[in-house]
> 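Quick one: this structure, given as structure tokens, is what I'll be asking you about.
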Amino acid sequence: MRRLFGFTLPVVGALMAAGPATAQDKPADQNPVALNGKHFLSQPLVTEIYTADPSAHVFDGKIYVYPSHDIDAGIPDDDLGSQYAMRDYRVLSMDTIGGKVTIGGVALSVEQVPWAKEFMWAPDAAYKNGTYYLYFPAKDKKGVFHIGVATSDKPAGPFKAEAKPIPGSFSIDPAVFTDADGGSYIYFGGIWGGQLQKWAKGHYDASVGDTDLKQDDKPALTAKVAKLSPDMKTFAEKPRDVVILGQDGKPLLGGDHERRFFEASWMYKRGATYYFTYSTGDTHFLAYATGDNPYGPFKYQGHFLLPVQGWTTHHSIVDWDGKTWLFYADNQLSGKNHLRNVKVTELYFNADGSIQTVDPFMP
């Protein structure tokens, strides 16, 4: 999605990296020093453009990454993410992790979307029956976020957008998961600038606050999930809540900022377990919860990425070459929260299926 506030968050405390170095890692003497005095675990995939919010997929034996394309629009930072004024998408591709990364041409721009006005935030992609689908959030002419879909016969595009957003869609951060039976599900939503709180009553209410519902003792706002129709362009059902339960079996509360959902849904399946992963936003963690089906409910399990340099991160998880990889972003190249760079590191699991926590820094 986007990142808020105009400061860079230092990492607090002694943090430990999980697992050995990856193909993207560099020795300390070749690695710039981060603002916290440590070195970065991984290096940017590309340096020619600013990229963030990476959605990684394996299509036709190659890795394709669908990121946001950060630009400097000269807009001051605010809590609504107005400085994240992205206007198009560029797809990254590589034959192998650690190999050459190709930056594609413009896959889709806001000028090519009939219903959209601005803010082309975090996208995702899917493939079905010879067609590639690009899912993206954007603000319409009234300043309301909806989710659009565009199609192409090539994974890197260019894509052609539908004339209208997905009916019934709202908020941001679409993430599409296709299960073993071929059914596809779309997860979406984000609070604060993502406007999810403005839809709490089932319709858009501009009078609702700009952060959350300020109901710390009630169940937190959470992501939405809906099964997609066979054409992959519409919801097959009314979106429902992605319920995240604590160890007590009760939904996480709005005041539980270190665990509750903020944005950046991503579904990953390992064996028979569904991992609903997401960002906690203002507390700067990636967290995960597990369930036995795509709808949940999901039981909260913990954090799996500690705070990066920058406000927070938006991620994806993909299997490749017998390993599992975490794509994420920080602001190593610019030091500015709205000009980010995509990275990748290996993700490790314990024997019980829990995810080892990744520290984005090393000594």
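The figures that follow rest on heavy atoms only: side chains count, while hydrogens, waters and symmetry mates do not. This structure is a prediction, so every number in the text was calculated from the model and none was measured.
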> Please evaluate residues Tyr133 and Asp124 with respect to the criterion side-chain contact (heavy atoms from CB on, under 4.5 Å), reporting the C-alpha separation (whole Å), side-chain torsions for both, the decisive distance (0.1 Å), and the verdict.
CA-CA 8 Å; Tyr133 297 84; Asp124 193 19; over 6 Å; no
> Enumerate donor-acceptor pairs with a distance under 3.5 Å from any side-chain N or O in residues 174-183 to protein atoms, sequence neighbours excluded.
residue: Thr178; atom: OG1; partner: Ser184; partner atom: OG; Å: 2.7
residue: Asp179; atom: OD1; partner: Lys269; partner atom: NZ; Å: 2.9
residue: Asp179; atom: OD1; partner: Tyr274; partner atom: OH; Å: 3.4
residue: Asp179; atom: OD2; partner: Tyr274; partner atom: OH; Å: 2.6
residue: Asp181; atom: OD1; partner: Gly183; partner atom: N; Å: 2.9

> Can you measure from OG1 (Thr345) to CG (Leu41) and round to the nearest 0.5 angstrom?
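Thr345 atom OG1 to Leu41 atom CG measures 4.0 Å (nearest 0.5 Å).
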> Applying side-chain contact (heavy atoms from CB on, under 4.5 Å) to Phe327 and Leu347, what does each step give before you reach the verdict?
CA-CA 9 Å; Phe327 287 78; Leu347 197 63; over 6 Å; no
> Donor-acceptor pair, Asn350 side chain versus Gly353 backbone, under 3.5 Å?
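Side chain of Asn350 to backbone of Gly353, a donor-acceptor pair under 3.5 Å: no, none is there.
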> Kindly say whether Gly193 contributes a backbone atom to a donor-acceptor pair with the side chain of Glu263 at under 3.5 angstrom?
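Such a contact is absent between Glu263 side chain and Gly193 backbone.
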> Is the closest side-chain heavy-atom distance between Val308 and Phe40 below 4.5 Å?
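Counting from C-beta outward, Val308 and Phe40 never come under 4.5 Å.
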> Hydrophobic side-chain clustering at under 4.5 Å (ILVMFWY, transitive links): who's grouped with Leu333? Put none if nobody.
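In the cluster with Leu333 are Tyr50, Leu339.
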> With a 3.5 Å distance limit and no angle check, can you tell me whether His57 reaches the backbone of Pro155 through a side-chain donor-acceptor pair?
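Not at all, since once roles are kept as given, no pair shorter than 3.5 Å links the two residues.
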> Donor-acceptor pair, Glu346 side chain versus Trp325 backbone, under 3.5 Å?
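Side chain of Glu346 to backbone of Trp325, a donor-acceptor pair under 3.5 Å: no, none is there.
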> To the nearest 0.5 Å, how far apart are NE2 in His69 and CZ in Arg340?
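Here the rounded value is 11.5 Å.
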> A side-chain contact here means heavy atoms from C-beta on lying under 4.5 Å apart; do Ile355 and Tyr288 qualify?
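Ile355 vs Tyr288: side chains touch.
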> Could you walk me through whether Val225 and Ile186 pass the side-chain contact (heavy atoms from CB on, under 4.5 Å) check?
CA-CA 6 Å; Val225 58; Ile186 185 167; over 6 Å; no
> Considering all heavy atoms of both residues, which atom of Ala289 and which atom of Phe298 are nearest to each other, and what is their separation?
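Residues Ala289 and Phe298, closest heavy atoms: CB-CB, 3.6 Å.
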> Taking Asn293 for the side chain and Gly296 for the main chain, is one N or O donor matched with an acceptor at less than 3.5 Å?
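A pair under 3.5 Å: yes.
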> Kindly say whether Val208 contributes a backbone atom to a donor-acceptor pair with the side chain of Lys198 at under 3.5 angstrom?
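Between the backbone of Val208 and the side chain of Lys198 there is a qualifying donor-acceptor contact (under 3.5 Å).
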> Side-chain contact, heavy-atom cut-off 4.5 Å: Gln332 with Pro32?
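Gln332 reaches Pro32 side chain to side chain.
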> Carefully, step by step, assess Phe276 and Tyr300 under the rule ring pair (Phe, Tyr, Trp, His ring centres under 6.0 Å).
CA-CA 9 Å; Phe276 178 69; Tyr300 178 85; over 10 Å; no
> Between Gln112 and Lys160, is there a side-chain donor-acceptor contact under 3.5 Å, judged purely by atom types and distance?
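No, Gln112 and Lys160 have no side-chain donor paired with an acceptor closer than 3.5 Å.
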> Decide yes or no for Leu92 and Thr102: does some side-chain heavy atom of the first lie under 4.5 Å from some side-chain heavy atom of the second?
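No, side chains not in contact.
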> Check whether Leu245 and Tyr275 end up in the same hydrophobic cluster, where Ile, Leu, Val, Met, Phe, Trp and Tyr are linked by side-chain heavy atoms less than 4.5 Å apart.
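No, Leu245 does not connect to Tyr275 through the hydrophobic network.
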> Does either side chain, that of Ser68 or that of Asp53, offer a donor lying less than 3.5 Å from an acceptor on the other one?
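A pair is found: one side chain offers a donor N or O, the other an acceptor, under 3.5 Å apart.
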> Kindly give the heavy-atom pair with the smallest separation between His257 and Thr280, and that separation in Å.
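Closest pair (atom of His257, atom of Thr280, distance): O-CB, 3.6 Å.
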> Please check: side-chain N/O of Ser152 versus main-chain N/O of Pro158, any donor-acceptor pairing under 3.5 Å?
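Side chain of Ser152 to backbone of Pro158: a pair is present.
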> Go through Thr290 and Gln301 one step at a time and tell me if the side-chain hydrogen bond (donor to acceptor under 3.5 Å, both in side chains) criterion holds.
CA-CA 7 Å; Thr290 57; Gln301 300 295 343; 2.9 Å; yes
> Start with the C-alpha distance between Ser265 and Asp173, add both sets of side-chain angles, then the distance that settles side-chain contact (heavy atoms from CB on, under 4.5 Å), and finish with yes or no.
CA-CA 7 Å; Ser265 299; Asp173 290 1; 5.8 Å; no
> Mind checking whether Ile166 and Met232 have side chains closer than 4.5 Å, heavy atoms only?
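Side-chain contact under 4.5 Å: no.
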> Under the 3.5 angstrom rule, does the side chain of Ser93 hit a backbone N or O of Gly104 as a donor-acceptor pair?
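No, Ser93 side chain to Gly104 backbone: no donor-acceptor pair under 3.5 Å.
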> For Lys336 and Asp72, work out which heavy atoms get closest and say how close.
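It is NZ-OD2, 4.2 Å.
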> Backbone N or O of Val243 within a donor-acceptor pair of the Asp241 side chain at under 3.5 Å?
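Between the backbone of Val243 and the side chain of Asp241 there is no qualifying donor-acceptor contact (under 3.5 Å).
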> Please say whether more than 12 non-hydrogen atoms of neighbouring residues, nucleotides or ligands are located less than 6.0 Å from CG in Asp205.
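Check passes, neighbour count above 12.
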> Examine the side chains of Thr234 and Ser229 and answer whether a donor and an acceptor come within less than 3.5 Å of each other.
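There is such a pair between these side chains.
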> Could you tell me which non-hydrogen atom of Ser169 sits nearest to which non-hydrogen atom of Pro165, and how far apart they are?
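Reported closest heavy-atom pair: OG-CB, 4.2 Å.
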> Using a strict 4.0 Å threshold on nitrogen-to-oxygen distance, state whether Glu162 and Lys233 make a salt bridge.
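Looking at Lys233 together with Glu162, the answer is yes, because their closest N to O distance falls below 4.0 Å.
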> Testing Gln43, His39, Lys38 for side-chain hydrogen bond (donor to acceptor under 3.5 Å, both in side chains) with Asn31, which one passes?
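So the option named by the test is Gln43.
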> So which residues get pulled into Tyr127's cluster when ILVMFWY side chains under 4.5 Å apart are joined, directly or through others?
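The other cluster members (ILVMFWY side chains, heavy atoms under 4.5 Å, direct or chained) are Phe59, Tyr64, Tyr66, Tyr89, Val91, Leu108, Val110, Val113, Trp115, Met120, Tyr132, Leu134, Phe136, Phe159.
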> Please evaluate residues Thr277 and His315 with respect to the criterion side-chain hydrogen bond (donor to acceptor under 3.5 Å, both in side chains), reporting the C-alpha separation (whole Å), side-chain torsions for both, the decisive distance (0.1 Å), and the verdict.
CA-CA 9 Å; Thr277 66; His315 66 295; 2.6 Å; yes
> Would the Tyr187 and Tyr295 ring centres measure less than 6.0 Å apart?
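When the ring centroids of Tyr187 and Tyr295 are compared, they turn out to be at least 6.0 Å apart.
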> Quick one, Tyr348 with Phe304, criterion ring pair (Phe, Tyr, Trp, His ring centres under 6.0 Å). Give me CA distance, side-chain angles, the key distance, then yes/no.
CA-CA 10 Å; Tyr348 298 88; Phe304 67 96; over 10 Å; no
> Taking the side chain as every heavy atom from C-beta outward, state whether Glu258 and Phe285 have any atom pair closer than 4.5 Å.
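Yes - at least one pair of side-chain heavy atoms lies under 4.5 Å apart.
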> Return yes when atom NZ of Lys100 has more than 12 non-hydrogen atoms of other residues, nucleotides or ligands closer than 6.0 Å, and no otherwise.
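Not buried by this count: 12 neighbours or fewer within 6.0 Å.
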> Check the pair Ser316 / Ser55 against side-chain hydrogen bond (donor to acceptor under 3.5 Å, both in side chains), numbers first and verdict last.
CA-CA 5 Å; Ser316 58; Ser55 293; 5.4 Å; no
> Between Lys224 and Phe170, is there a donor-acceptor pair closer than 3.5 Å when you use the side chain of the first and the backbone of the second?
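Judged by distance alone, no pair lies under 3.5 Å.
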> Go through it in stages, so that I can follow the logic: the residues are Asp319 and Arg270, the test is salt bridge (charged side-chain N to carboxylate O under 4.0 Å, His left out), and I'd like the CA-CA distance, side-chain angles, deciding distance and then a yes or no.
CA-CA 10 Å; Asp319 293 326; Arg270 186 171 186 265; over 6 Å; no
> Nearest heavy-atom pair of Ala200 and Leu213: which atoms, and what distance?
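That closest heavy-atom pairing would be CB-CD1, 3.9 Å.
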> Is it the case that the ring center of Tyr278 lies less than 6.0 angstrom away from the ring center of Trp266?
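Trp266 vs Tyr278: aromatic centres not under 6.0 Å.
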> Once you round to the nearest 0.5 Å, how far does OG of Ser279 lie from CG of Asp282?
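Rounded to the nearest 0.5 Å, the OG-CG separation comes to 8.5 Å.
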> For a 4.5 angstrom cut-off between non-hydrogen side-chain atoms, does Asn341 reach Leu45?
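Contact flag for Asn341/Leu45 side chains = no.
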> I'd like to check Thr313 versus Leu286 (side-chain heavy atoms, cut-off strictly below 4.5 Å). Are they in contact?
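In short, these two side chains touch, coming nearer than 4.5 Å.
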> Let's go through Lys214 and Thr211 carefully: what are the C-alpha distance in whole Å and the side-chain angles of both, what is the deciding distance for side-chain hydrogen bond (donor to acceptor under 3.5 Å, both in side chains) to 0.1 Å, and is it a yes or a no?
CA-CA 8 Å; Lys214 301 188 185 312; Thr211 56; 3.1 Å; yes
